[in-house]
4 protein chains.
Amino acid sequence: MNTINKHNWKSKIHEIIYEADTPSGKLFDVLLLVFILLSIVLVMLESVASVDEKYHQILYIGEWVVTILFSIEYILRIISVKKPLKYMFSFFGVIDFLSTIPMYLAFIFAGSQALVTLRALRLLRVFRILKLARYLGASNQLKDSIIASRVKIFVFLFAVIVSSIIFGTIMYLVEGEANGFDNIPKSVYWCIVTLTTVGFGDIAPQTALGQFITTFIMILGYGIIAVPTGIVSAEYAKSSRKADLEKEALLHSSNNHNAQNDNNNTAVDLNSQHCPNCGVSNHKDDSNFCYKCGYKLHL
Amino acid sequence: MNTINKHNWKSKIHEIIYEADTPSGKLFDVLLLVFILLSIVLVMLESVASVDEKYHQILYIGEWVVTILFSIEYILRIISVKKPLKYMFSFFGVIDFLSTIPMYLAFIFAGSQALVTLRALRLLRVFRILKLARYLGASNQLKDSIIASRVKIFVFLFAVIVSSIIFGTIMYLVEGEANGFDNIPKSVYWCIVTLTTVGFGDIAPQTALGQFITTFIMILGYGIIAVPTGIVSAEYAKSSRKADLEKEALLHSSNNHNAQNDNNNTAVDLNSQHCPNCGVSNHKDDSNFCYKCGYKLHL
Amino acid sequence: MNTINKHNWKSKIHEIIYEADTPSGKLFDVLLLVFILLSIVLVMLESVASVDEKYHQILYIGEWVVTILFSIEYILRIISVKKPLKYMFSFFGVIDFLSTIPMYLAFIFAGSQALVTLRALRLLRVFRILKLARYLGASNQLKDSIIASRVKIFVFLFAVIVSSIIFGTIMYLVEGEANGFDNIPKSVYWCIVTLTTVGFGDIAPQTALGQFITTFIMILGYGIIAVPTGIVSAEYAKSSRKADLEKEALLHSSNNHNAQNDNNNTAVDLNSQHCPNCGVSNHKDDSNFCYKCGYKLHL
Amino acid sequence: MNTINKHNWKSKIHEIIYEADTPSGKLFDVLLLVFILLSIVLVMLESVASVDEKYHQILYIGEWVVTILFSIEYILRIISVKKPLKYMFSFFGVIDFLSTIPMYLAFIFAGSQALVTLRALRLLRVFRILKLARYLGASNQLKDSIIASRVKIFVFLFAVIVSSIIFGTIMYLVEGEANGFDNIPKSVYWCIVTLTTVGFGDIAPQTALGQFITTFIMILGYGIIAVPTGIVSAEYAKSSRKADLEKEALLHSSNNHNAQNDNNNTAVDLNSQHCPNCGVSNHKDDSNFCYKCGYKLHL
């Protein structure tokens with residue numbers, strides 16, 4: 001009885017922490033997002049000298065509150081998962097650990113300044129919440145169109161970088177150190193600043209020839225921005241049209257059981273459950289057992 | 001007789017002020033737009049020290065003219081509408097009041113400087129005129145495509161902000177206070193300046209590593225601008241295609257009375273009448289009575 | 001005989017100068033483009049102090065050569081056209097006159113500095129050559145898609161300007177004169193600089209609140225650039241699809257005489273002839289007589 | 001026997017160096033890319049004064065290693081090709097020679113500074129590797145859509161440049177030398193900086209009128225960026241749709257031998273073999289003999 005109870009207790013925690021399909025799981029995710037954002041705000045405010053001077057005590061307490069809550073969450077994550085070691089050495093496991101530890105280290109050792117790097121890692125925890133984005137039903141189509149145009153965008157970026165190196169070297173030879181183009185890497189950096197139409201203006205061509213070449217670089221940059229936009233635009237339109245056709249096909253076959261099954265397979269997304277045994281996620285929404293280890297899932 | 005007369009007088013004013021379908025209503029809206037823009041120009045010019053010195057008297061008189069005209073309009077709005085309180089506490093009612101009051105306050109109290117804030121609120125009155133845009137027949141399709149891509153744009157902006165926070169923190173650690181990256185919020189601000197390709201240049205990376213990371217941020221920004229453009233582009237094309245199909249369908253069924261009725265319902269837009277009784281707007285163009293309170297509308 | 005000869009001589013000149021369909025007409029247009037560009041280069045170089053000092057004599061002679069050639073062209077244009085007054089007071093007639101006169105004025109009066117304005121008007125003559133662009137077969141579709149999205153782009157620009165005025169006023173109140181936001185017009189100017197992602201950086205927010213609001217402005221600007229792009233993109237795709245369908249339809253009906261007639265009407269563009277009598281252009285390619293005054297055209 | 005052996009040895013080298021279809025050819029191309037990038041990094045680092053001071057010896061050795069390897073490659077290219085002179089005076093032959101020679105020249109003559117220009121030419125060798133891009137199967141469609149919109153983009157760029165000259169001249173007249181608009185060419189340069197939304201800020205309008213005109217320039221630039229994007233977007237969508245239709249057509253006719261032959265002709269790309277005899281490339285994948293000189297190709 002006790003073991004079953006304990007098991008139930010553990011599996012309940014697992015459900016809350018690792019899944020986002022149940023009300024309590026959703027609530028947990030939203031709360032976690034709030035605390036992550038709060039912890040990021042704390043790191044930010046602490047870096048502002050004037051704020052830190054005034055509210056140092058409050059920030060310090062807030063930091064400890066966040067640290068303790070993150071510690072509890074970390075311990076619960078380890079307890080509730082079947083294979084704790086696998087979690088601990090997973091990407092998010094390491095991030096969770098590193099974003100919890102800084103305050104303890106600062107307590108033991110002096111010089112917390114260097115630990116700001118570690119605390120900034122908390123930002124990466126935000127990506128854990130991105131599974132929430134799935135419920136917005138939007139990111140998938142977006143992701144698909146970006147993935148579909150991945151190779152083309154890579155080829156495009158390669159062309160941008162090669163152009164930048166060539167024009168950067170030319171500008172270094174034309175303008176020289178006297179006008180701020182100290183060396184080729186800096187010239188290439190300036191060239192990318194110009195090509196992407198950012199244009200800081202900390203370095204700017206001074207010679208007539210340099211300004212003439214810059215004109216070419218700018219118009220090139222202004223023109224080629226059309227390329228990735230055109231690609232994503234077309235790919236997105238394609239995937240969007242496909243999604244519409246699928247929806248339509250479903251509407252026309254709603255009294256056909258087989259078609260409806262297809263419906264479940266193609267239209268309904270994978271859910272956010274993590275297997276309590278092996279930690280694998282992305283199960284199909286109607287799965288009863290983990291597709292990897294066969295362990296019974298919460299329905 | 002007198003009441004009917006009075007009622008007619010009131011309803012005439014209502015028609016002029018609140019509707020944009022009659023010639024007099026249109027004229028009123030255009031005149032109002034001119035006066036709103038004039039009042040904005042006055043606020044602007046008064047803020048220019050050199051102009052204010054020279055033409056202070058003229059600006060002061062102009063300001064009073066605008067204030068008095070706005071006051072008359074405000075009073076007429078209250079008189080001609082059936083439920084004055086509902087209007088007075090509506091969004092535009094409050095804006096109308098606040099954009100009229102500053103000069104009276106400045107007359108009673110000294111120190112009109114602080115009142116510039118109130119007078120700037122007049123700008124919001126411009127949106128009242130946006131109902132004119134409906135006659136351009138353009139804003140609806142535009143609005144539809146933006147609304148259709150709302151969620152996707154939100155997801156995109158979330159990604160932009162998370163990236164900015166991460167890169168901002170990294171730049172703070174790399175460049176430090178010595179190079180203008182005083183604290184993390186400022187670093188994040190700089191990162192958004194760079195990612196959106198604005199590039200003021202008041203803060204710019206000085207270290208080689210910082211410039212290298214900046215290169216990534218800029219290319220990222222240059223690349224991801226393709227995403228919202230692609231989305232709006234595809235959504236707009238979709239809604240545009242739908243509109244075309246609807247138009248075509250109407251053309252093919254012009255000798256069918258029922259279809260023609262559909263025509264009126266889908267193609268003819270809602271008009272700009274406000275019910276003189278309850279103030280509800282967006283009535284169908286062939287409505288005889290308010291769809292909410294049944295009050296007779298002007299045809 | 002003499003009158004006929006004279007007429008032939010005149011009509012020959014008319015053909016060369018006003019039309020671009022004959023080899024000699026094309027040659028004239030290309031030569032004219034070269035001389036216009038040369039005259040622009042002269043105006044440009046003269047404004048560069050170091051070049052003007054060195055090569056003043058050459059520039060002066062070049063300027064006189066251009067002026068005399070333009071004078072001859074202007075006289076020939078008046079002689080060869082049937083209604084000289086109509087030409088002289090047309091847009092291009094005035095431009096032609098104004099771009100020829102400066103050197104004569106400088107010869108009579110001293111102080112040619114003020115005449116640079118007049119000489120710069122020569123640039124507008126370039127648009128005369130744009131009729132050449134028709135032969136590239138590209139500008140029409142482009143023009144169509146811009147015209148089709150004209151109203152929508154106007155609504156969009158109105159929204160951009162209203163947003164800039166609102167945000168500009170807010171930034172003036174937040175940052176104030178101390179940080180370079182001297183007055184509301186300058187603030188609005190800065191706001192447009194930021195919203196369009198130009199970002200000169202001569203004015204930049206200094207307060208934390210100002211930088212926070214700037215973040216919103218930039219992301220707004222980064223986002224709404226998607227709107228005109230999406231519009232033009234969709235309109236262009238539509239007009240491009242329509243053009244393709246028309247081409248296809250023509251290919252499928254090549255043995256049908258009526259359809260082929262349609263072919264001539266829709267696919268063959270209007271030509272660049274100007275009527276030697278009334279000066280009207282844009283005649284259909286197979287016109288024998290001016291569609292306006294019935295005067296015989298050169299075939 | 002010996003000649004055959006020698007021929008085999010030569011043709012083996014030819015296969016490795018000039019082709020990218022065999023494993024050894026691919027390996028060679030990847031190694032070459034690495035060495036080209038390494039040589040570029042060396043040129044870059046040498047231009048950084050602080051790095052050059054510290055690691056001058058290492059950079060010098062690295063430079064010699066790269067030079068010797070490039071020399072060997074150059075000699076092998078000459079030996080293994082049938083018509084060495086044709087290669088030596090081809091574009092890439094000259095680039096290969098010029099990017100190898102600088103160190104030898106620096107060894108003979110003093111003053112290697114001027115030779116940095118020659119060494120920078122190595123960058124152009126990167127384009128040799130672009131044949132690798134073909135294997136990404138992406139660049140073709142991209143190239144097609146850019147070529148299809150070539151004329152339109154040219155018309156667009158012409159319009160941008162004419163606008164820039166006009167606005168640049170106006171700004172020169174409005175702002176004058178006192179505010180940094182020294183001469184018309186510089187004004188035009190500034191105008192392109194603004195129109196392309198780069199906005200360095202080294203020159204910025206100071207007068208109210210100048211800032212007002214700048215507002216127009218910026219909004220114009222912000223608006224017309226939509227044009228090339230719309231064009232490429234639509235053309236890309238068109239070519240992408242065409243490619244999809246072709247793929248589909250092939251799928252529907254897979255049991256038809258003739259159709260399958262079409263398949264080979266349209267879908268399978270040309271391969272990267274260079275004829276060992278005449279050096280012509282772009283042979284069809286199933287070619288046994290060079291389509292130009294009939295020389296037997298390696299299969």
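All values derive from a computational prediction rather than experimental measurement. Lettering of chains follows the sequences in order, A, B, ..., and the numbering in each one begins at 1.
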For the residue pair C/Ile165 and C/Val188, what are the closest heavy atoms and their distance?
CA-CG2, 3.8 Å
Most chain B-contacting option - heavy-atom pairs closer than 4.5 Å, from C/Pro205, C/Ser187, C/Gly168:
C/Pro205
Heavy-atom pairs under 4.5 Å with chain B - which of C/Gly221, C/Pro185, C/Ala204 has more of them than the others?
C/Pro185
[X] portion near chain C, given a 4.5 angstrom heavy-atom threshold:
| X | value |
| --- | --- |
| B/Leu157 | side chain |
| B/Ile161 | side chain |
| B/Val193 | both |

Do B/Met171 and B/Cys191 touch side chain to side chain, with heavy atoms closer than 4.5 Å?
no
Quick one: does B/Phe200's side chain get under 4.5 Å of C/Thr194's, heavy atoms only?
yes
Specify whether B/Tyr60 and B/His56 have parallel, tilted or perpendicular ring planes, treating 30° as the upper limit for parallel and 60° as the lower limit for perpendicular.
parallel
Closer than 3.5 angstrom, by distance alone: can the side chain of C/Trp190 be matched with the main-chain N or O of C/Ile203 as a donor-acceptor pair?
yes
Would a distance-only check, ignoring hydrogens and angles, find a side-chain to backbone donor-acceptor pair under 3.5 Å from C/Glu175 to C/Thr207?
yes
Winner by heavy-atom pair count (cut-off under 4.5 Å) against chain C, out of B/Asp202, B/Val41, B/Ile192
B/Ile192
Check each atom of C/Thr196 against the heavy atoms of chain B and say whether the ones under 4.5 Å are side chain, backbone, both or neither.
neither
